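Quick notes on the structure that follows.
Model, not experiment: these values are computed from the prediction.
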Number of protein chains: 2
Amino acid sequence: MLNARARVSKATVRRIPLYYRAVQQLQQQGVKRIRSERLSEIIHIPSATIRRDFSSFGELGKSGYGYSVDTLVDEFGKLLEVQDAENILLVGCGGLGAALIENNFRRNPDLNITMAFDIDPAKIGTEIGGVPVYDFRELAMRVTPDIKTAIIAVPSSAQPQVIPALEGIGIDAILTFAPQPVVCLPTTTIRYIDLTSELQSLLFTAHHQQLAD
Amino acid sequence: MLNARARVSKATVRRIPLYYRAVQQLQQQGVKRIRSERLSEIIHIPSATIRRDFSSFGELGKSGYGYSVDTLVDEFGKLLEVQDAENILLVGCGGLGAALIENNFRRNPDLNITMAFDIDPAKIGTEIGGVPVYDFRELAMRVTPDIKTAIIAVPSSAQPQVIPALEGIGIDAILTFAPQPVVCLPTTTIRYIDLTSELQSLLFTAHHQQLAD
DNA sequence: AAATGTTTGTTAATCCATTCACATAGTAGC
DNA sequence: GCTACTATGTGAATGGATTAACAAACATTT
């Protein structure tokens with residue numbers, strides 16, 4: 001599994017889910033073996049990059065043969081720990097939060113939003129897509145100790161109060177849609193999805209493009 | 001404005017929206033000048049990176065003084081073309097699509113989702129947050145020629161049909177939530193937001209982290 | 001107006017990631 | 001088993017982005 005000698009670069013980490021999804025699809029199609037060159041055509045990542053990425057997880061392939069699809073599914077599955085379910089809490093049940101609950105990463109049975117929090121009395125006590133919505137002030141009371149991951153979909157201004165509360169109950173991985181930059185504990189891994197920034201930088205590139213990007 | 005001699009790196013482009021948002025906030029707070037060192041504390045980007053980024057747009061600052069907040073707001077506003085409204089169409093009015101319409105980038109009056117498309121008869125003809133939902137088969141008929149930008153929030157499997165249709169009506173900038181990699185015209189700028197991948201790579205980092213990231 | 005202090009813009013150094021290119025190791029056919 | 005292919009894994013080269021560090025430019029104070 002994780003090759004102690006080789007370090008896995010950040011860029012590689014961001015690609016693991018793409019690899020995993022692609023080899024899963026191949027497996028479902030009954031494909032048994034895959035060459036880096038062919039995989040490159042499917043996911044639009046250069047074959048040299050694929051080979052280097054794969055090799056940082058050990059020697060997964062065979063010269064003159066390629067990679068066994070089953071092996072890749074296994075290995076990436078282990079890397080992403082898809083065997084043990086990841087229970088996730090969500091803070092903020094506005095339109096975006098509700099959409100995330102309803103979606104609930106349906107393709108990935110190991111990813112489950114199991115509870116949600118809000119401060120709106122109209123929402124507290126209800127269920128969204130079978131997921132109970134609790135009062136955010138009852139966070140510590142309601143949360144189960146298996147939950148280490150949170151998704152934040154609250155207005156940016158509310159985020160500075162949310163993060164310390166989450167850290168206080170043992171959350172160490174946070175995905176947030178609020179662009180407000182925050183200070184968090186060194187043990188907390190945080191990732192931002194900033195929809196407005198994505199759109200604005202996309203438009204900048206489109207408007208100023210000489211060459212395709 | 002755009003400094004012809006200096007080229008703007010992709011990494012810089014992705015930061016422009018963050019800079020714009022920060023200097024707007026400073027302006028609203030009545031702040032007149034800002035040093036790169038101080039801005040660095042606010043947005044958590046190293047001051048050297050900020051200075052290098054800013055200098056790629058011309059000499060915006062003054063030695064021994066810093067940057068005028070008003071100048072920065074002006075310049076970044078011009079770069080992002082916030083004076084002329086960008087009309088956007090949305091394809092796919094499921095939970096996520098509806099949430100995006102209702103949000104509609106409210107902080108940015110220049111970004112407007114003005115029409116939406118779906119193939120569900122139950123949705124066609126309705127309005128979501130004041131935005132009309134049309135039949136996707138009427139795309140060419142309904143679209144106005146001012147629209148050059150689209151957001152796709154359809155199931156991944158439907159995306160290969162959606163993209164060529166959009167390109168056919170002159171769309172050249174696409175933001176999509178469907179991770180399915182696609183081939184598109186060289187003149188089309190496309191950006192993916194892949195929620196599952198973001199979450200999976202976040203979890204990988206959190207689980208395997210020795211050092212904070 | 002001179003002296004002191006501050007902060008930029010940029011050159012050089014470093015770091016990280018991608019890509020090339022090929023020796024090596026294995027496959028497939030005969 | 002031997003020969004001709006094929007595709008990996010990786011050392012070396014390249015490219016892109018970040019960071020350090022400082023001369024030059026301006027502000028401020030006296």
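- To the nearest angstrom, P of C:dT8 lies 10 Å from CG of B:Leu72.
- Note on B:Arg15: only backbone sugar-phosphate atoms sit closer than 4.0 angstrom, heavy atoms only; bases stay farther off.
- When rounded to the nearest whole Å, the span between CD of A:Glu59 and P of C:dA25 equals 10 Å.
- Between the CD atom of B:Glu37 and the C1' atom of C:dT6 there is a distance of 12 Å, rounded to whole Å.
- Rounded to an integer number of Å, the gap from A:Tyr65 OH to C:dA28 P is 7 Å.
- Between A:Ala22 and A:Leu39 the shortest heavy-atom distance is CB-CD1, 4.2 Å.
- Taking 4.0 angstrom as the limit, B:Ser63 places none of its side-chain polar atoms (N or O) nearer than this to OP1 or OP2 of D:dA24.
- In this structure, the CZ atom of B:Phe57 is 14 Å from the P atom of C:dT10, given to the nearest Å.
- Few gaps surround CD1 on B:Ile45; more than 12 heavy atoms of other groups in view lie less than 6.0 Å from it.
- Side-chain N/O atoms of A:Ser36 include one lying less than 4.0 angstrom from OP1 or OP2 on D:dT8.
- DNA chain D is contacted by both B:Thr49 and B:Arg33; B:Thr49 maps to the nucleotide lying nearer its 5′ end (nearest heavy atom per residue).
- What separates NZ of A:Lys10 from P of C:dC15 is a distance of 15 Å, to the nearest Å.
- Taking only distance into account, the side chain of B:Arg52 never meets the base of C:dT10 through a donor-acceptor pair shorter than 3.5 Å.
- Side-chain contact, B:Asp110 with B:Gln83: no donor N or O sits under 3.5 Å from an acceptor N or O.
- Take the nearest nucleotide of DNA chain C for A:Ser9 and for A:Ala48: the residue whose nucleotide is more 5' is A:Ser9.
- Remark: aromatic rings of A:Phe204 and B:Phe76 are distant, center separation not under 6.0 Å.
- For B:Asp53 and C:dT8, the CG to P distance is 13 Å, given to the nearest whole Å.
- B:Pro17 approaches A:Ser201 most closely through the heavy-atom pair CG-N, 4.0 Å.
- Taking atom CG of residue A:Leu39 and atom C1' of nucleotide D:dT8, one finds them 14 Å apart after rounding to whole Å.
- The residue A:Tyr67 sits close only to the backbone: its heavy atoms come under 4.0 Å of sugar-phosphate atoms, none of a base.
- Between A:Gly64 and A:Gly61, the residue anchored nearer the 5' end of DNA chain D, judged by the nucleotide with its closest heavy atom, is A:Gly64.
- Contact annotation: A:Arg51 does not reach the phosphate of D:dG9 (side-chain N/O to OP1 or OP2, under 4.0 Å).
- Here the side chain of A:Ser55 is nearest to one of D:dC26, D:dT10, D:dA17, namely D:dT10.
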